[in-house]
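This report refers to the structure that appears directly beneath it.
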Amino acid sequence: MSAPLLTSLAEPRGDRPDALTLGGRACSREELLGAAGAVAARIAGAPVVAVRATPTAETVTAVVGALLAGVPVVPVPPDSGPAERDHILRDSKAALLLTGQAEDGAGQAAGPAAPVETVPVDLAERAAWSGPEPDPESTAFVLYTSGTTGAPKGALISRRAVAADLDALAGAWAWTAEDTLVHGLPLFHVHGLVLGVLGALRVGGRLVHTGRPTPAAYAAAGGSLYFGVPTVWHRVVQDPDAARALSAARLLVSGSAPLPAPVFRDLESLTGHRPVERYGMTETLITLSTRADGERRPGYVGAPLSGIRTRVAAEEGAEIGELQLTGPTLFDGYLNRPEATADSYTEDGWFRTGDIAAIEPDGFHRIVGRASTDLIKSGGYRIGAGEVENALLDHPAVREAAVVGAPHEDLGQQIVAYVVADGVTEAELIDFVAGQLSVHKRPRKVRFLEALPRNAMGKPQKKLLPPA
Ligand code: MLC
Ligand code: AMP
């Protein structure tokens, strides 16, 4: 059983003035906890709180404050447009939105905006927090994540799941208070927020968040442990000087999408490190990984972390099939969506990842692909084709829309939209989606067609679309 989450957050162990640095601003753990205590005092008793998740010390303070007070956190992507932001606020029923002081938390809603009170986070405030440890089974986060159709669903992540996952990862990666973690990932997903912030706080090590995950910023940060999505590592190996600067690190970790084997090999030749690959999902947190003291093989995401069990639901005689798993890091279902929650489990209670995998005799797992092509991974972001199609159909000039993820060297997949529309340009439609949803959900290309290919039943046939 892992130590409770609060205990690990509320101890200013191994403190130093630059224990945490975000976007160039440094603070000690004691300063963070003082400001977080003030947040906790202000929001204690709220059923849930939203946090505008900019890559800043204010965001970390808001999240830690809510975790101290036992109030579930709903991270809101800072660039989300009114459609996405309103959905998240209404669906989660968050009445409070924590933001940095200088930020405009209100956004510009097209229609009636979700009713929310903006609460500024002030890093200069101090208050000691002495509340009791919240129930480990209570919700730490409601993380909004895309399905193949419809609007994103809120995955309920318990404090127990977070603690169990971070401890399993610390074991696999020999992650200790001696480490300086460096990354520049967004603070509204598992990778950047749960692993990339709470992980460093829980092990008691330093954190340097670079604002954006650029090769130059990674090279300048001088860390021992680096996190990146494959797009970040692809950009690092394109910049050999920056890559060589990472030779002094202890461990380079890749996750959130498949790491191409050539990027693995280029990283090894430029940095001397074979990267650690790990696999996870919003709903399960990180469940598979290679280890600091073990073999790292291109194309493989290693073995189950402590407490996780996996199986592959393969057809008779086949070696690949859907990856299914159980363990203490799994979510507690989708908020307000009992049917979607039930559909994500097998009858005997295993979580259905929707990923197709193979397990080698030595226990190493290989992720082969996804069962549905309507769930796109672009730059490590998970994006539902249906969500982008609905946004496009909201544009008055668009009559039909079909969205796919096309293979892309840098992004893994890039979003391509096929539309039937009159009197609108590619750039206008890209900006329209970027403005309604989050910027990363925008199509990178738009193709105009006379009609979408359909079958006899009238259903669009994405396989028959012309090449991007
Ligand atoms: C471009 N921009 C626009 C725009 N076009 N803004 C408004 N409208 C438009 N039409 C701006 C953006 O705001 C941004 O500004 C800049 O252009 C670049 O944005 P981008 O093109 O989206 O960035 P890109 O270079 O493609 O990003 C690559 C990336 C990013 C790797 C940095 O994809 C990324 O951060 N990925 C991480 C995803 C992640 O963390 N996933 C984890 C999920 S959890 P500015 O000013 O900001 O530069 C998970 C579990 C697990 O999967 O296993 O980990
Ligand atoms: P998300 O919910 O954003 O965390 O996305 C989860 C999905 O990312 C998984 O279902 C996989 O498809 C994909 N994924 C995460 N890590 C890896 C990895 N190391 N290799 C391949 N796919 C991955």
Side-chain angles (χ1 to χ4, degrees), residues 53-55 75 77-81 143-147 152-153 155 157 165 169 183-196 210-215 217-218 227-236 253-260 264 275-290 299-302 322-323 325 329 331 344 351-357 365-372 375-384 405 408 410-415 426-444 446:
T54 51
D79 65 349
S80 56
L143 297 180
Y144 277 80
T145 189
S146 300
K153 299 187 283 287
I157 310 294
D165 206 48
L169 289 173
H183 73 92
L185 298 169
L187 299 189
F188 46 88
H189 283 308
V190 165
H191 199 161
L193 180 60
V194 179
L195 277 59
T210 57
R212 299 268 304 165
T214 61
Y218 275 35
F227 289 173
V229 296
T231 302
V232 169
W233 295 123
H234 178 251
R235 292 177 187 186
V236 164
V253 182
S254 180
S256 304
L259 183 70
F264 183 112
V276 159
E277 289 184 68
R278 93 296 178 288
Y279 160 90
M281 280 186 86
T282 303
E283 291 87 337
T284 65
L285 305 183
I286 310 308
T287 49
L288 296 165
S289 184
T290 54
Y300 287 84
V301 293
E322 185 185 43
L323 179 68
L325 34 88
T329 67
F331 75 149
S344 64
F351 179 76
R352 308 179 47 153
T353 64
D355 287 306
I356 306 300
H365 289 54
R366 181 163 58 94
I367 308 297
V368 180
R370 278 206 69 86
S372 170
L375 214 49
I376 300 165
K377 266 272 157 164
S378 186
Y381 285 115
R382 170 169 155 186
I383 301 142
H408 189 271
D410 181 50
L411 297 169
Q413 291 183 300
Q414 71 169 350
I415 302 177
E426 176 177 30
E428 282 165 354
L429 287 181
I430 292 172
D431 286 348
F432 182 75
V433 176
Q436 287 296 306
L437 305 177
S438 298
V439 169
H440 65 263
K441 293 182 179 172
R442 72 191 186 279
R444 305 282 171 139
V446 179

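Just the heavy atoms: all of them, side chains too, but no hydrogens, waters or symmetry mates, feed the values below. Counting starts at 1 for both ligands and their atoms, following the listed order.
- Summary of contacts: the protein heavy atom closest to atom 10 (O) of ligand 2 is D355 OD2, 2.5 Å.
- Closest to atom 29 (C) of ligand 1, if we only count protein heavy atoms, is R235 NH1, 4.5 Å.
- Contacts of D410 classified as salt bridge (charged side-chain N to carboxylate O under 4.0 Å, His left out), with partners at least two apart in sequence or in another chain: R235.
- Among all protein heavy atoms, the one lying closest to atom 30 (C) of ligand 1 is Y381 CE1, 3.8 Å.
- When each atom of ligand 1 is checked for a heavy atom of A434 under 4.0 Å away, the hits are 8 (N), 9 (C), 10 (N).
- Within a 4.0 Å radius of atom 15 (O) of ligand 1, the protein contributes no non-hydrogen atoms.
- At the shortest separation from atom 51 (C) of ligand 1 among protein heavy atoms lies S256 OG, 3.3 Å.
- The shortest contact between atom 2 (O) of ligand 2 and any protein heavy atom is with R382 NH1, 2.5 Å.
- Set against the non-hydrogen atoms of T145, the atoms of ligand 2 under 4.0 Å away are 2 (O).
- The nearest protein atom to atom 47 (O) of ligand 1, hydrogens excluded, is given as R212 NH1, 3.4 Å; this is a heavy-atom distance.
- Residue-level proximity to ligand 2 for R370 is carried by the side chain, the only part with a heavy atom below 4.0 angstrom.
- Considering only non-hydrogen protein atoms, atom 38 (C) of ligand 1 sits nearest to G379 O, 3.4 Å.
- No part of T282 comes within 4.0 Å of ligand 1, judged by heavy-atom distances.
- Looking at A257 against ligand 1, nothing comes within 4.0 Å, counting heavy atoms.
- At the top of the distance list for atom 5 (O) of ligand 2, counting protein heavy atoms only, stands K377 NZ, 2.9 Å.
- At a distance under 4.0 Å, a protein heavy atom can be found next to atom 33 (O) of ligand 1.
- The proximity of R442 to ligand 1, defined as any non-hydrogen pair under 4.0 Å, is limited to the side chain.
- Inside a 4.0 Å radius of atom 36 (N) of ligand 1 there is at least one protein heavy atom.
- A donor-acceptor pair is defined here as one N or O able to donate and one able to accept, closer than 3.5 Å; such a pair exists between the side chain of T290 and the backbone of E277.
- Listed by number with element, the atoms of ligand 1 under 4.0 angstrom from any heavy atom of K377 are 52 (O).
- Of all protein heavy atoms, the one closest to atom 18 (C) of ligand 2 is A257 O, 3.5 Å.
- Protein heavy atom closest to atom 4 (O) of ligand 2, with residue, atom name and distance, is T282 N, 3.2 Å.
- Nearest to atom 21 (C) of ligand 2 among the protein's heavy atoms is P258 N, 3.3 Å.
- Listed by number with element, the atoms of ligand 1 under 4.0 angstrom from any heavy atom of H191 are 42 (C), 44 (S), 54 (O).
- Atom numbering of ligand 2 starts at 1 in the shown order; those under 4.0 Å from a heavy atom of R278 are 16 (N), 18 (C), 19 (N).
- Atom 6 (C) of ligand 2 has its closest protein heavy atom at G280 O, 3.5 Å.
- Contacts between R444 and ligand 1, counted as non-hydrogen atom pairs separated by less than 4.0 Å, involve the side chain only.
- Residue contact check for ligand 1: L195 places no non-hydrogen atom closer than 4.0 Å to it.
- Atom 3 (C) of ligand 1 has its closest protein heavy atom at V439 CG1, 3.6 Å.
- Shown in contact with G280 at under 4.0 Å from a heavy atom are these atoms of ligand 1, numbered in order with element: 53 (O).
- Counting heavy-atom neighbours within 6.0 Å of R352 CZ, excluding the residue itself, gives a total of 12 or less.
- From the protein, the heavy atom lying nearest to atom 13 (C) of ligand 2 is S256 O, 3.7 Å.
- Shortest contact from atom 53 (O) of ligand 1 to any protein heavy atom: R278 NH1, 2.9 Å.
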